[in-house]
Novice: 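Input: one structure, supplied below.
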Amino acid sequence: MADSEEMMGVLKARAERRNDRREFFLAAMGAAAVGAGAFAFADAASAQTVTDADILNFALNLEYLEANFYSFAANGTALDSSVTSGTVGTAGAATGGRKVSFTDPVVAQYAKEIAADELAHVKFLRGALGTATVAQPAIDVGVSATGAFSAAAQAAGVVAAGAAFDPYASDEAFLLGAFIFEDVGVTAYKGAASLLSSKTFLEAAAGILAVEAYHAATVRNALYRKGIATPSLNLIQNAGKISDARDSLDGTADLDQGIAAVATGIGTASNIAPGDTSGLAFGRSTGQVLNIVYLNRASATMGGFFPAGVNGNIKTSVAN
């Protein structure tokens with residue numbers, strides 16, 4: 001009973017905070033800005049002249065990251081070199097991952113499906129880019145106490161300062177590791193849409209965005225379900241901490257959302273699909289996305305999950 005009462009108190013507090021975020025988001029954007037997607041690209045990276053190839057290569061860097069993480073988790077291997085070579089940028093390896101010994105067969109199936117989808121995204125973008133394809137950069141998906149996953153978890157307060165976070169240690173750790181990436185991928189594609197000039201590429205990006213949103217919802221739902229079933233795991237609270245940490249990196253607006261229940265016009269409900277009061281998702285600029293994957297709120301060209309930076313013309317995070 002004590003655990004249930006504590007959980008309800010946590011959920012109520014988080015719900016009030018998330019409701020405030022949604023109201024802020026709608027007020028800040030305004031109806032016209034939401035319709036035009038005006039939020040998404042308001043930094044120096046987007047002010048430069050960028051081509052469709054630049055945007056697709058930026059997306060490919062993110063797909064390399066996600067695809068390697070899920071490939072390690074589901075299969076125990078990094079991506080094959082046949083899908084990581086390129087003519088642009090410095091090639092690097094994805095290091096540190098390993099196969100998860102899943103105990104929940106449903107989560108294991110999720111991991112395999114997402115791994116297959118992310119590999120397909122890599123292949124699709126590489127095919128669209130042709131000779132302009134960026135090589136996979138160096139990627140850190142390891143488990144050391146000084147690695148990217150641990151740095152992210154330490155900053156969020158999921159683990160103590162100096163402690164290691166291993167996203168391959170359990171089903172629940174895997175889901176939290178996936179949560180770090182998935183919402184970022186959705187907001188990155190939402191933000192990138194306004195920069196694409198080709199309707200063909202825009203349609204393709206919309207298709208990838210939809211699949212990434214399915215992935216994000218799957219991860220959020222699994223975390224929420226397990227968090228409600230076993231409150232002692234603190235999954236709902238830890239997802240909220242990760243969400244807050246992302247918000248601390250990408251600017252002053254408090255837009256990111258965890259998975260805790262929220263108050264709606266028809267009662268309290270789960271928060272599997274984060275959005276504003278109109279049910280719209282928000283986008284991030286390229287610079288903001290890099291703030292998160294570099295784990296740095298300052299202007300930087302490398303760090304975090306990309307220790308040598310991403311490849312291509314869009315590579316600098318924004319100063320927040």
Side-chain angles (χ1 to χ4, degrees), residues 56-102 108 110-127 129 133-153 164-169 173-185 188-189 208 211-212 215-216 219 242 289-296 300-312 314-315 317:
L56 295 185
N57 271 321
F58 177 76
L60 180 56
N61 280 281
L62 303 180
E63 296 292 354
Y64 282 141
L65 172 60
E66 290 187 302
N68 275 289
F69 169 63
Y70 287 111
S71 183
F72 272 122
N75 307 312
T77 60
L79 293 184
D80 186 81
S81 59
S82 64
V83 292
T84 62
S85 62
T87 60
V88 179
T90 303
T95 58
R98 71 172 191 274
K99 189 173 183 178
V100 178
S101 296
F102 292 104
Y110 289 163
K112 291 179 181 178
E113 179 181 3
I114 298 175
D117 288 341
E118 299 297 356
L119 175 58
H121 291 168
V122 168
K123 291 180 177 179
F124 172 80
L125 289 171
R126 289 172 58 86
L129 285 159
T133 299
V134 293
Q136 175 186 284
I139 292 174
D140 174 13
V141 286
V143 301
S144 74
T146 57
F149 270 119
S150 295
F165 173 72
D166 182 354
Y168 312 100
F174 161 75
L175 289 169
L176 286 173
F179 180 71
I180 293 174
F181 295 142
E182 286 301 338
D183 283 12
V184 178
Y189 276 102
I208 297 178
V211 172
E212 295 290 353
H215 293 169
V219 170
I242 292 170
V289 171
L290 291 174
N291 285 131
I292 296 173
V293 296
Y294 288 166
L295 301 178
N296 193 337
T301 58
M302 64 184 70
F305 295 97
F306 293 99
V310 298
N311 284 329
I314 301 174
K315 60 181 64 178
S317 61

Novice: Do the side chain of N296 and the main chain of N291 share a donor and acceptor less than 3.5 angstrom apart?
Specialist: no
Novice: Take E66 and H121 through the test side-chain contact (heavy atoms from CB on, under 4.5 Å) and record every step on the way to the result.
Specialist: CA-CA 10 Å; E66 290 187 302; H121 291 168; 5.9 Å; no
Novice: Could you tell me which non-hydrogen atom of A164 sits nearest to which non-hydrogen atom of S144, and how far apart they are?
Specialist: CB-C, 4.3 Å
Novice: Does H215 form a side-chain contact (heavy atoms from CB on, under 4.5 Å) with E118? I'd like the steps, not just the answer.
Specialist: CA-CA 10 Å; H215 293 169; E118 299 297 356; 3.2 Å; yes
Novice: Looking only at heavy atoms, what is the nearest atom pair of Y294 and V310, with distance?
Specialist: OH-N, 3.3 Å
Novice: Between N57 and N311, is the side-chain contact (heavy atoms from CB on, under 4.5 Å) condition met? List the steps.
Specialist: CA-CA 8 Å; N57 271 321; N311 284 329; over 6 Å; no
Novice: If you round to the nearest 0.5 Å, how far is OH of Y189 from CG of L62?
Specialist: 7.0 Å
Novice: Looking at CZ of F179 and CZ of F174, how far apart are the two atoms once the value is rounded to the nearest 0.5 Å?
Specialist: 14.0 Å
Novice: Indicate yes or no for a side-chain donor-acceptor contact from N68 to the backbone of L79 under 3.5 Å, with no hydrogens or angles considered.
Specialist: yes
Novice: Walk me through whether V122 and Q136 qualify under side-chain contact (heavy atoms from CB on, under 4.5 Å).
Specialist: CA-CA 10 Å; V122 168; Q136 175 186 284; over 6 Å; no
Novice: Measure centre to centre between the rings of F69 and F305, then say whether the value is under 6.0 Å.
Specialist: no
Novice: To the closest 0.5 Å, what do you measure between CG (D166) and CG (L176)?
Specialist: 12.0 Å
Novice: Please confirm whether F181 and F149 have ring centers closer than 6.0 angstrom.
Specialist: yes
Novice: Begin from the C-alpha positions of S82 and D80 and carry the test side chain to side chain donor-acceptor pair (under 3.5 Å) through to its verdict.
Specialist: CA-CA 5 Å; S82 64; D80 186 81; 2.7 Å; yes
Novice: Quick check: closest heavy atoms across D140 and G147, and the distance to 0.1 Å?
Specialist: OD2-CA, 3.4 Å
Novice: For the atom pair NZ (K112) and OG (S71), what is the distance rounded to the nearest 0.5 Å?
Specialist: 12.5 Å
Novice: How many angstroms lie between atom CD1 of I180 and atom CD1 of I242, to the nearest 0.5 angstrom?
Specialist: 4.5 Å
Novice: As an exercise, state the distance from CZ of R98 to CG of N75, rounded to the nearest 0.5 Å.
Specialist: 15.0 Å
Novice: Hey, is the main chain of K315 close enough, under 3.5 Å, to the side chain of T301 for a donor-acceptor pair?
Specialist: no
Novice: Looking at V134 and Y64, what are the two nearest heavy atoms and their distance?
Specialist: O-OH, 2.9 Å
Novice: Might you point out which heavy atoms bring F124 and I208 nearest each other, and give the distance in Å?
Specialist: CD2-CD1, 4.1 Å
Novice: Between S150 and F165, is there a donor-acceptor pair closer than 3.5 Å when you use the side chain of the first and the backbone of the second?
Specialist: yes
Novice: Any donor and acceptor pair, going by atom type alone, linking the side chain of R126 with main-chain N or O of S85 inside 3.5 Å?
Specialist: yes
Novice: Would you name the heavy atoms of A308 and A138 that are closest together and state the gap between them?
Specialist: CB-CB, 4.5 Å
